[in-house]
Amino acid sequence: MPMEYAQNDKVLPYRIIKETKGRDLVGMEYQQLLPWIKPLESAFRVIAGDFVTTDDGTGIVHIAPTFGADDDKVAKQSGIPPLILIDKEGKRQPMVDRTGKFYTMDVLDNDFVEKHINKELYSQFEGKYVKNAFNSKLTEKDMSLDVEIALALKLEGKAFKIEKHTHNYPHCWRTDKPILYYPMDSWFIRTTAIKDRMIELNKTINWKPESTGTGRFGNWLENLVDWNLSRSRYWGTPLPIWRTEDGKEEICISSVAMLSKEIDKSIEKGFMKENKYASKDYLDFDLHRPYIDDVVLASPKGEKMMRETDLIDVWFDSGAMPYAQVHYPFSCSEEELKKTFPADFIAEGVDQTRGWFFTLHAISTLVFDSVAFKNVVSNGLVLDKNGNKMSKRLGNGVNPFDVIEKYGADATRWYMISNSQPWENLKFDIEGVDEVRRKLFGTLYNTYSFFALYANIDSFAYNEKEIPYKERPEIDRWILSELNSLIKSIDESYNEYEPTRAARAISSFVDECLSNWYVRLCRRRFWKGEYTEDKISAYQTLYTCLETLSQLMSPIAPFFAERLFLDLNNISSLRKDKDNKPIESVHYTDFPTSNDSLIDKGLEERMFLAQKVSSMVLSLRKKNNLRVRQPLQKILIPAPNQEFISQIEKVEQLILSEVNVKTIEFLSPENNVLVKKAKANFKTLGPKFGSKMKAIANSLDGLSQERIADIEKEGKIILDINNEEIELLLSDVEIVTQDIPGWVVQNDGNITIALDTTITESLLKEAIARELVNRIQNIRKDQLFEVTDFIRVEIEYNALLEEVIQEYSEYIKGETLTKELSLRRVGVSAIIGQQRFEPILKVDIIEGIELAINISKV
RNA sequence: AGUCUCGUAGCUCAGUUGGUUAGAGCACUACACUGAUAAUGUAGGGGUCGGCGGUUCAAGUCCGCCUGAGACUACCA
C-alpha cells in the first residue's frame with residue numbers, strides 16, 4: 001500500500017513492522033489522545049487486565065476508572081490515577097456531572113483550571129452532553145458526542161479506523177435513556193465477615209433442584225462481596241443513621257421508642273421543636289424518607305446530627321420478612337418467633353439468587369446464626385408454548401385468569417405441576433390444560449359418576465360394617481394394594497418436594513389401575529344381582545379408592561378434591577370431626593398413611609401379568625378378526641416354571657372373562673412343540689468375556705433347537721468361539737418362545753401366548769346370544785329406558801335364533817332385565833298390523849341376518 | 001466472559017449402577033368396543049436421543065469440544 005495520505009482519504013495507510021504479545025507492551029507509555037485535561041499524576045501507560053478479549057482489534061483498550069468498577073480495580077492495581085476534576089468546593093469529581101454533561105470550567109476550581117486544563121481544546125467540549133438523550137434539545141438525528149470526538153481524532157490523523165458500535169449499555173427501565181456509572185459513597189454490611197458461616201449453613205438447606213444450591217447459590221456465596229445496602233432514592237425505608245457534620249459522632253436508631261427519646265434530647269438542645277414520634281399511633285408520623293429527614297438529633301457532645309440521606313436497599317425488606325411479618329422484636333418474643341422461624345419451605349423464581357434467597361440467608365445468619373428456610377424450591381419460568389419468554393410486546397402472553405375461567409384453577413395447576421418439575425422452565429400450552437381436564441379429571445369424574453349411579457340405586461352409604469380384607473375378592477385386594485403403594489410413593493414424593501412425581505403417580509393410578517382395569521373388570525359387580533357381600537365389598541373398595549384419591553390430590557387440586565370428598569362423605573359420614581359431625585372439608589382430614597399389610601407385591605405382579613396376557617389375547621383377536629363377543633375355547637401359555645403357573649392360575653378367571661375365552665392351558669418347558677430362541681444376556685456375559693461378546697451373541701443367535709434344549713436340561717453349554725471353548729450357564733442365556741406351530745402366537749418379552757381360534761357350533765351359538773344381548777342393550781339405551789326398567793322382548797322368528805334362545809334364554813333375560821323373551825313366527829307386515837310393534841326396528845343380529853325386534857317396558 | 005440448567009417422536013415428558021428392538025401420554029390413521037360413552041381397546045406411521053470426537057466388548061446414559069435456548073453475576077473497552 002502506498003504510504004501517501006491525503007487528509008480526506010477514507011483509508012489510512014499502514015505497514016506491519018512487528019508482531020508482539022500483549023504482555024510485551026505492558027509498561028509502555030503513550031501520549032494522551034485527548035489532552036484536554038492533565039491528570040494529577042502520570043497516567044498514560046499500558047497495563048494488564050484479564051477482562052479484555054481479543055475477539056476484535058488489538059486487545060488494547062482505554063479504561064475509565066471513574067466510570068467502571070473493573071476499570072477502577074485494574075487501575076488501582078497498577079497505580080494509574082483516575083481522571084479527576086476539582087470543583088469550586090474542592091471536591092473531586094469525574095469529568096461528567098450528574099446531568100450527563102462535561103463540567104464547565106466556571107464551576108471548577110480556578111487553580112485546577114489554570115494548571116490542569118488545556119482551555120483552548122476543552123472549551124470546544126465543555127458543557128456538552130455525553131449522550132443526546134440527556135439533552136432535551138437534541139434528538140437521535142443530531143450528531144452525537146461520540147461522532148464529534150471521532151471526527152476530531154480523524155482530522156488530527158489520530159484515528160486509524162472508525163466504526164459504529166451499538167452498546168448494550170444499561171438503560172433506564174422507565175425513560176429508556178442510557179445510564180452512566182458513577183463512583184458513589186455507599187453503606188455496606190460486611191457480609192464477608194460471615195462468609196464461611198453462610199456457606200456452612202447453606203449446606204444444611206434442601207435445595208430443589210440441588211444444583212441451584214450447590215452451583216449457582218453456592219458459587220455466589222464463595223465469591224461473596226460486602227452487601228451494598230444503601231440506595232439514593234427520594235422515598236423509602238431510611239438508613240437509621242444520624243451523624244454529625246464532621247462524621248465523628250454517629251448514632252444508629254433501633255426503634256421508634258429510641259428515636260423518640262433522642263428527639264426529646266434534641267428538643268432540649270433546641271434543635272427540634274416538637275416530637276411527633278412520641279405518639280403510639282403510627283398514623284401520626286411517617287418513618288419514611290423524606291419525612292424522617294426533618295429529624296435532627298443531638299450528639300453526646302451536643303452537636304447537631306443529620307440523617308444519612310441514603311435509603312436501605314428494598315431487598316433488605318424482603319430478607320427481613322421472617323421478623324417483620326411478626327413484628328419481632330417488638331410484638332413478638334424470640335420464643336414466639338421460633339415457632340415460624342426458620343421457615344420449613346419457601347418457593348420463588350430461580351432469578352432470586354441475589355435477591356430474596358440471599359437476603360433471607362444473610363440476615364438470618366447475621367442475626368440468629370441460623371438458616372431462614374429449611375427447604376427451598378427455586379421455580380423456573382413460565383414460557384410460551386414455543387419456549388419463548390412471554391411478553392406484552394410480543395403478545396405471546398397467556399392471561400392466567402382467562403385460563404382459570406375456562407378450565408378451572410385445578411386443571412391449570414395440575415397441568416403446571418404434572419407437566420414438568422417446578423424448577424424447570426414450563427412451556428405453557430393451553431392444549432395441555434385441556435388434556436389434563438379430559439384425561440385426569442374427566443376419567444376420575446366418570447369413575448365417580450359410575451360409582452354414584454349404582455350406589456344410589458342400592459342406597460349404599462357405607463353403613464355396613466367393613467368387609468374384612470381377607471374376605472374381599474382378589475381384584476379388590478389388588479386395587480387396595482396398589483392404592484396403598486400409591487399412598488406410600490405419594491407421601492415420599494411430597495416429603496421430598498417432588499410434586500411432579502406425585503401428580504404423575506396419581507394420574508397413572510386413576511387411569512391405568514382404577515378406571516381401565518378395576519372399574520372395567522368390576523362393572524358387573526356393581527349393577528348385577530342382589531345386594532350381596534361381594535357387591536358391598538366392591539362399593540367399599542371403590543369408595544376407599546375415591547376418598548383416598550381426594551385426599552392425595554388435595555394439595556394440587558384442592559377444589560376438585562373437596563367436591564369429590566364432600567360428595568362421598570356427606571352421604572356416608574365416614575369422617576367425623578370431634579363433635580361427631582361429618583367433617584367439613586377434605587383439607588381438615590389427616591393425610592392418608594399407607595397400610596403396609598395391605599400391600600401385596602406378588603398380587604400386583606400377577607395382576608400385571610393378567611393385564612399383559614389379556615392385552616396379548618386381544619391383540620391376537622384383532623389380528624385374526626375375532627371380535628371379543630365371540631367366545632373362544634382355549635389359551636395356551638408356555639410356562640417356564642411352576643411359580644409362573646400358580647401366578648397365572650390366581651388371575652385366570654379375570655383373564656378369561658376379560659378376553660372371553662373358556663380355559664387356559666400351560667405348556668411345560670420340556671414340551672418339544674415350542675420353537676425357541678436363545679439370546680445372550682449381555683449384563684452377565686459382558687464382565688466375563690469382554691471383547692468376545694459379539695462372537696458369543698452371534699453364536700447363540702444361530703443355536704439349534706436341540707442345543708437350546710440341552711442348555712435347559714444341563715444348565716450350561718459349551719460354545720466354540722474362534723476355536724476356544726467357552727462355557728455359558730443358563731443364567732447367561734435368555735430363552736424365549738418364538739413360535740408354536742399350528743397356533744396363532746403372540747410374543748412380548750418373555751411371555752408367549754397362543755390362541756385356539758376354532759369356532760365350534762356351540763361357541764357360535766353363545767356368540768349369537770351375546771350379540772343379541774348387545775342389540776337389546778343398545779335398544780334399551782336408544783329408547784332412554786332406566787337401567788332398572790324391566791322389559792319385554794319380541795323378535796322376528798329365525799331358526800338359528802330359536803336354538804340359541806332355547807339354550808341361552810336365562811342368560812339373555814338376566815343380562816337385559818327381560819321378563820318375557822319370545823320369537824314371533826310372523827312376517828314383518830303382520831307385525832306392523834299389531835299395535836304394539838311401534839316403532840319397527842330391523843337389526844343385524846349376526847352377519848347377514850336382519851330381523852325385526854321390538855322392546856317395551858313391562 | 002464466568003457459573004448453572006436444559007436440548008430424546010409433530011407436542012409434553014420418562015429413561016434405573018452403561019447391557020443390545022429407546023418408552024409413555026397427546027395428536028394423526030385404521031379397526032373394534034359401547035349399561036363409565038366428551039370414556040375405552042387393538043394395530044399403524046412417526047427418532048442420525050442437538051452436533052463432533054473419545055473411553056468401553058457395549059454409550060441416550062461416562063469424558064472433552066462445539067452448538068442452540070434460558071437464568072444469574074460481571075463487563076461491554
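- Rounded to a whole angstrom, the distance from the P atom of B:rG18 to that of B:rA59 is 13 Å.
- Across all strands shown, A:Y454 has heavy atoms under 4.0 Å from sugar-phosphate atoms exclusively, and none from any base.
- Among the protein residues, A:R504 comes within range of the sugar-phosphate backbone only, with heavy atoms under 4.0 Å from sugar or phosphate atoms but none that close to a base.
- A salt bridge links A:E658 to A:R520: at least one charged side-chain nitrogen sits closer than 4.0 Å to a carboxylate oxygen.
- Nearest-nucleotide positions on RNA chain B place A:Q421 closer to the 5' end than the other of A:V519 and A:Q421.
- For the pair A:E771 CD and B:rU34 P, the computed distance is 8 Å after rounding to whole Å.
- The separation of B:rU34 from B:rG44, taken at their P atoms, amounts to 23 Å, rounded to a whole angstrom.
- Per the geometry, CH2 belonging to A:W227 stands 14 Å off P belonging to B:rU73, to the nearest Å.
- With both ends at atom C1', the span from B:rG46 to B:rU3 equals 39 Å, rounded to whole Å.
- Among the protein residues, A:S507 comes within range of no part of the nucleic acid, since none of its heavy atoms lies under 4.0 Å from any strand.
- In this structure, the CG atom of A:L453 is 15 Å from the C1' atom of B:rA39, given to the nearest Å.
- Salt-bridge check for A:K208 with A:E496: failed, with every basic side-chain N at 4.0 Å or more from each acidic carboxylate O.
- The side chain of A:R437 sits closest to B:rA38 out of B:rA38, B:rA36, B:rU42.
- In this structure, A:S449 reaches neither bases nor backbone, as no heavy-atom distance under 4.0 Å exists between it and the strands shown.
- For A:S515 and B:rA39, a side-chain-to-base donor-acceptor distance below 3.5 Å is absent, hydrogens and geometry of angles not being considered.
- Rounded to whole Å, the separation between the C1' atoms of B:rG23 and B:rG47 comes to 12 Å.
- Between A:Y454 and A:F450, the ring-plane angle classifies as perpendicular under the 30° and 60° cut-offs.
- Place A:S418 and A:N446 on RNA chain B by their nearest nucleotides, and A:S418 ends up nearer the 5' end.
- Here the closest heavy-atom approach between residue A:L221 and residue A:I199 is recorded as CB-CG1, 3.9 Å.
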Strand RNA chain B as a dot-bracket string - pairs counted if Watson-Crick or G-U with both distances under 3.5 Å, | where the partner lies in another strand: (((((((..((((.....[...)))).(((((.......))))).....(((((..]....))))))))))))....
Contact letters for nucleotides 21-26 of chain B, in which S counts primed atoms plus P, OP1 and OP2 and B counts the base, heavy atoms under 4.0 Å: ----SS
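- Spacing between atom CH2 of A:W423 and atom P of B:rC13 amounts to 14 Å, rounded to whole angstrom units.
- When side chains are defined from C-beta on, A:I205 does not count as touching A:F217, because their heavy atoms never get closer than 4.5 Å.
- Straight-line distance from the OH atom of A:Y407 to the C1' atom of B:rA38: 13 Å, rounded to whole Å.
- Atom C1' of nucleotide B:rU42 and atom CD1 of A:I753 are separated by 13 Å, given to the nearest angstrom.
- Rounding to whole angstrom units, CD of residue A:E658 and P of B:rU34 are separated by 12 Å.
- Between A:W356 atom CH2 and B:rC72 atom P the separation is 17 Å, expressed in whole Å.
- Put simply, A:N516 has a side-chain N or O that comes within less than 4.0 Å of OP1 or OP2 on B:rG41.
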